[in-house]
Amino acid sequence: GQGVDEPLSATGFRQADAAGLFLSNVKFTHVFSSDLLRAKQTAAAILGKNKFCKDLEIKYDARLRERKYGVAEGRPLADLKAMAKKAGEQCPSFTPSGGETLDEVRERARDFFEFLCQLAVKLEQKKPDMPGASSRSSGTSAEQFVFPWTNHCSEAEPSSESGGSSNILDANVLVVSHGAYMRNWIGYLVSDLNCALPANLTKSQLSSVSPNTGVSHFVIKLDNGNLLKPEITCVCLNQDSHL
């Protein structure tokens, strides 16, 4: 939850370092993190292993915090399940006293996602009006964004008819958040925005909570800056081969 702001454990730091190595060749343009300590430390560890972005500013955002669990915060998961059972409900839909409902968490996720889309549109508007020019990156497209998903994901790998130009993105954003929050965010992308999913993804995988430092990759396209109809493709979900 939010109320117990504990640091990463020794295992958590090892997992964050492993994620950093896995993503070390990905050139991010922006990094956002929950303002809770465990997420801050994870984001810092990932950037610390990156070949391009060690000095990139991490922006902390309370909208990325874990779901608030009220009276259940800081207690074992078994206690939360017992509270739900006593109330005649099931996790994760059960809301403990003082906690956030799933709708409230999803609203935070929606608000942050729309903020990211607005950011991308502003970057597009600032681009120099020259073919192939970019004020945010240098080198060839192959050097800019190297995604390590090939051996771990479905055929939903981003592609382009123009021979690799899909690698030239207006924004390549790393977001570090928490399991229950991200499950709700993904639910919003799928149910509300019709996100395209990998063909081999099962319903149980879609509804499961990401393992610690699990990596999910989404490609967002905003045709002509249209914020109302983003085209979203999930390349991979909760990928954990680095662990």
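We're numbering straight along the sequence, starting at 1.
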Close side-chain approach of Leu80 to Pro96, heavy-atom, < 4.5 Å: yes

Run Asp17 and Arg14 through side chain to side chain contact (heavy atoms under 4.5 Å, CB included) and show every step you take. CA-CA 5 Å; Asp17 284 343; Arg14 288 194 296 270; 5.7 Å; no

Same cluster (ILVMFWY, side-chain, under 4.5 Å), Leu174 and Leu21: no

Drop me the distance from Lys49's NZ to Ile46's CD1, to the nearest 0.5 angstrom. 11.5 Å

If hydrophobic clusters are built by linking Ile, Leu, Val, Met, Phe, Trp and Tyr wherever their side-chain heavy atoms come under 4.5 Å apart, do Leu193 and Val105 end up in the same one? yes

Just wondering, do Ser216 and Ser210 contact through their side chains at under 4.5 Å, heavy atoms? no

With a 4.5 Å cut-off on side-chain heavy atoms, are Pro230 and Lys221 touching? no

Using every non-hydrogen atom in the two residues, find where Ser177 and Met182 come nearest and quote the distance to one decimal. CB-CG, 3.9 Å

Taking the side chain as every heavy atom from C-beta outward, state whether Cys117 and Leu222 have any pair of such atoms under 4.5 Å apart. yes

CG of Asn212 to OG1 of Thr42: how many Å apart, nearest 0.5 Å? 8.0 Å

Could you walk me through whether Asn184 and Glu107 satisfy the side chain to side chain contact (heavy atoms under 4.5 Å, CB included) test, starting with their C-alpha distance in whole Å, then the side-chain angles of each, then the deciding distance to 0.1 Å, before giving a yes or no? CA-CA 9 Å; Asn184 278 271; Glu107 180 62 22; over 6 Å; no

If only atom types and distance count, is the side chain of Asp61 paired as donor or acceptor with the main-chain N or O of Arg63 below 3.5 Å? yes

What I'd like to find out is whether the side chain of Asn238 reaches to under 4.5 Å of the side chain of Pro211, using heavy atoms alone. yes

Check against side chain to side chain contact (heavy atoms under 4.5 Å, CB included), Asn25 and Lys51: CA-CA 6 Å; Asn25 287 314; Lys51 295 179 181 178; 2.9 Å; yes

Does Leu8 share a hydrophobic cluster with Leu37, counting links as ILVMFWY side-chain heavy atoms below 4.5 Å and allowing steps through other members? no

Please report the closest heavy-atom contact between Glu73 and Gln2, naming both atoms and the distance. OE2-N, 2.8 Å

To the nearest 0.5 Å, atom CD of Glu114 lies from atom CG of Leu227 at 8.0 Å

Close side-chain approach of Trp185 to Val175, heavy-atom, < 4.5 Å: yes

Over 60° means perpendicular and under 30° means parallel, so classify the ring planes of Tyr188 and Phe113, tilted if in between. perpendicular

Checking side chain to side chain contact (heavy atoms under 4.5 Å, CB included) for the pair Leu64/Val176: CA distance, chi angles, key distance, verdict? CA-CA 8 Å; Leu64 295 173; Val176 180; over 6 Å; no

Please check if Leu123 and Phe218 belong to a single hydrophobic cluster, counting links between Ile, Leu, Val, Met, Phe, Trp and Tyr side chain heavy atoms closer than 4.5 Å. yes

Report yes or no: does Gln118 contribute a side-chain atom to a donor-acceptor pair with the main-chain N or O of Phe115 at less than 3.5 Å? no

Close side-chain approach of Val219 and Val235, heavy atoms under 4.5 Å: yes

Is there a side-chain contact between Lys81 and Gln90, using heavy atoms and a 4.5 Å cut-off? no

Cation over ring, Arg65 on Tyr181, under 6.0 Å and within 45°? no

Got a sec: does the NZ of Lys86 have more than 12 other heavy atoms crowding it under 6.0 Å? no

Donor-acceptor check, side chain of Asn172 to backbone of Lys27, threshold 3.5 angstrom: yes or no? yes

Any donor-acceptor pair under 3.5 Å from His30 side chain to Glu57 backbone: no

Minimum heavy-atom separation for Tyr69 to Gly1, with atom names? CD1-CA, 3.9 Å

Does Glu89 use its side chain to pair, donor to acceptor, with the backbone of Ala84 at less than 3.5 Å? no

Can you list everything that forms a side-chain contact (heavy atoms from CB on, under 4.5 Å) with Leu206? Sequence neighbours excluded, please. Ile186, Val190, Leu197, Leu201, Leu237

Please determine whether side-chain hydrogen bond (donor to acceptor under 3.5 Å, both in side chains) holds for the pair Ser208 and Gln205, giving the CA-CA distance in whole Å, both sets of side-chain angles, and the decisive distance to 0.1 Å. CA-CA 5 Å; Ser208 65; Gln205 288 173 319; over 6 Å; no

For the residue pair Phe32 and Phe112, is the inter-centroid distance of their aromatic rings smaller than 6.0 Å? yes

Worked check of side-chain hydrogen bond (donor to acceptor under 3.5 Å, both in side chains) between Arg67 and Thr95: CA-CA 10 Å; Arg67 181 185 180 189; Thr95 303; 3.2 Å; yes

Output yes when a side-chain donor or acceptor of Gln239 lies under 3.5 Å from a complementary backbone atom of Val215, and no otherwise. no

Of all heavy-atom pairs between Ser207 and Arg183, which one has the smallest distance, and what is that distance? O-CD, 2.9 Å

If the test is side chain to side chain donor-acceptor pair (under 3.5 Å), which one of Arg106, Lys68, Arg108 qualifies with Glu100? Arg108

Rounded at 0.5 Å granularity, tell me how far OG in Ser34 sits from NZ in Lys40. 8.5 Å

Asn50 side-chain N/O to Leu23 backbone N/O, donor-acceptor pair under 3.5 Å: yes

Roughly how far, to the nearest 0.5 Å, is the CG atom of Asp223 from the NZ atom of Lys229? 10.5 Å

Should Glu231 and Thr233 be marked as a side-chain hydrogen bond (donor to acceptor under 3.5 Å, both in side chains) after you check the CA-CA gap, both sets of side-chain angles, and the distance that decides it? CA-CA 7 Å; Glu231 180 185 329; Thr233 301; 4.9 Å; no

Cluster overlap Phe22 with Leu243, hydrophobic side-chain contacts below 4.5 Å: no

